[in-house]
Amino acid sequence: MLQPKQTKYRKYHRGKMKGLSSKASTLDNGDYGLKAVGPGWVTARQIESARRAITGYLKRGGQVWIRVFPDKPITARAAETRMGGGKGAIDQWVAVVKRGRIMYEIADVPEELAREALRRASHKFAIPTKIVSRSDEL
């Protein structure tokens, strides 16, 4: 599972996700990409699951770039716990994804293969996504 080697603080505030993504909003490396249409948290498990879906469908052909990294710790308390006692322990790691963020890129594969691989990956996320290509941006 993806997680940072170290962070500045052990626990973080929840934060806001409004607005457009300022970085990673265009294709840099690949010819096709999976773009977030809505904001949300993407967990490390979802990122890995989507990566497996893509590489499995491409039969390890082509190139795949993952443009998101889960660097935000999310804490949770045990169910039916009384109030007090501080903030809970770290439960999972998430990446904050804003609208317009490119999450995955694919290159060196035919268009129909890339679109189907990204479609399968999009089912792993709880946020709405769309498939973009380099020819769409021109």
Side-chain angles (χ1 to χ4, degrees):
M1 227 47 78
L2 291 172
Q3 73 180 51
K5 288 186 176 69
Q6 75 180 77
T7 56
K8 188 170 183 179
Y9 301 107
R10 210 161 47 96
K11 298 170 182 175
Y12 286 85
H13 292 308
R14 293 172 65 89
K16 299 275 188 271
M17 287 180 279
K18 66 182 193 178
L20 294 171
S21 179
S22 59
K23 54 186 172 186
S25 58
T26 59
L27 291 171
D28 284 347
N29 306 305
D31 300 323
Y32 304 97
L34 191 65
K35 187 177 215 171
V37 180
W41 284 343
V42 177
T43 67
R45 288 177 180 271
Q46 290 171 344
I47 294 169
E48 176 64 13
S49 179
R51 184 197 65 81
R52 285 185 176 185
I54 291 171
T55 54
Y57 187 77
L58 296 180
K59 299 190 175 80
R60 293 178 45 204
Q63 286 185 292
V64 178
W65 288 271
I66 303 172
R67 305 272 309 268
V68 289
F69 186 80
D71 56 355
K72 181 185 187 77
I74 301 300
T75 61
R77 300 281 301 273
E80 301 179 13
T81 306
R82 293 189 179 190
M83 292 285 105
K87 192 167 172 148
I90 293 173
D91 182 45
Q92 60 186 352
W93 292 87
V94 300
V96 177
V97 175
K98 292 185 175 182
R99 286 189 306 123
R101 174 84 183 218
I102 302 282
M103 297 192 291
Y104 289 87
E105 291 187 35
I106 297 179
D108 301 335
V109 292
E111 180 175 359
E112 60 275 0
L113 209 64
R115 286 191 181 276
E116 177 61 19
L118 291 171
R119 188 189 69 78
R120 290 176 181 223
S122 69
H123 292 304
K124 308 297 180 185
F125 300 115
I127 60 174
T129 59
K130 72 176 181 179
I131 298 167
V132 294
S133 66
R134 197 170 288 283
S135 60
D136 296 343
E137 291 182 344
L138 297 175

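When reading the values below, keep in mind they use all heavy atoms of this one structure, side chains included, and skip hydrogens, waters and symmetry mates.
The closest side-chain heavy-atom distance from K11 to Y9 is not below 4.5 Å. Counting only heavy atoms from C-beta outward, the side chains of M103 and F125 approach each other to under 4.5 Å. With a 4.5 Å cut-off on side-chain heavy atoms, K23 and R101 count as touching. Annotation: side chain of D71 is not in contact with side chain of T7 (no heavy-atom distance under 4.5 Å). Using a 4.5 Å heavy-atom threshold, the side chains of R119 and R115 count as separate. At a threshold of 4.5 Å between non-hydrogen side-chain atoms, the residues E48 and L2 do not count as touching. Counting heavy atoms from C-beta on, the side chains of I47 and F69 never come closer than 4.5 Å. At a threshold of 4.5 Å between non-hydrogen side-chain atoms, the residues K35 and T129 do not count as touching.
Not a single donor-acceptor pair under 3.5 Å links the side chain of R10 to the backbone N or O of A89. Between the side chain of R134 and the backbone N or O of G30 there is at least one donor-acceptor pair closer than 3.5 Å.
Residues passing the side-chain contact (heavy atoms from CB on, under 4.5 Å) test with S22, sequence neighbours excluded: none. Residues satisfying the side-chain hydrogen bond (donor to acceptor under 3.5 Å, both in side chains) criterion with R67, sequence neighbours excluded, are D28, E105. Partners of A76 by side-chain contact (heavy atoms from CB on, under 4.5 Å), not counting sequence neighbours, listed by chain and number: D91. With sequence neighbours left out, R45 forms a side-chain contact (heavy atoms from CB on, under 4.5 Å) with M1, T43.
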Intermediate values then yes/no, side-chain contact (heavy atoms from CB on, under 4.5 Å), D31 and I106: CA-CA 6 Å; D31 300 323; I106 297 179; over 6 Å; no
Evaluate L34 against S122 for side-chain contact (heavy atoms from CB on, under 4.5 Å), listing each step before the verdict. CA-CA 7 Å; L34 191 65; S122 69; 4.0 Å; yes
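Applying the under-4.5 Å side-chain rule to Ile, Leu, Val, Met, Phe, Trp and Tyr, the cluster around V94 extends to M17, W41, I74, V96. In the hydrophobic clustering, I102 connects to L27, V132, either directly or through intervening members, whenever side-chain heavy atoms lie under 4.5 Å apart.
Contact record, G40 with I127: CA-CG2, 3.7 Å, taken as the closest heavy-atom pair. Annotation for G15 and K72: closest pair N-NZ, 4.3 Å, computed over non-hydrogen atoms. Shown here for P4 and P70, the closest heavy-atom pair between the two residues is CD-O, 3.4 Å. The minimum heavy-atom distance between Q63 and W65, with the atom names listed, is OE1-CH2, 3.5 Å. Smallest separation of non-hydrogen atoms from V64 and Y104: CG1-CD2, 4.5 Å. Pairing each heavy atom of I66 with each of R51, the nearest pair is CD1-CD, 3.6 Å.
In this structure, NE2 on H123 lies 11.0 Å from CG on L118, to the nearest 0.5 angstrom. A distance of 12.0 Å separates CD of Q92 from CD of Q3, quoted to the nearest 0.5 Å.
With hydrophobic clusters built from ILVMFWY side chains whose heavy atoms lie under 4.5 angstrom apart, V42 shares a cluster with I54.
The local environment of CZ in R77 is crowded, with over 12 non-hydrogen atoms from other residues, nucleotides or ligands closer than 6.0 Å.
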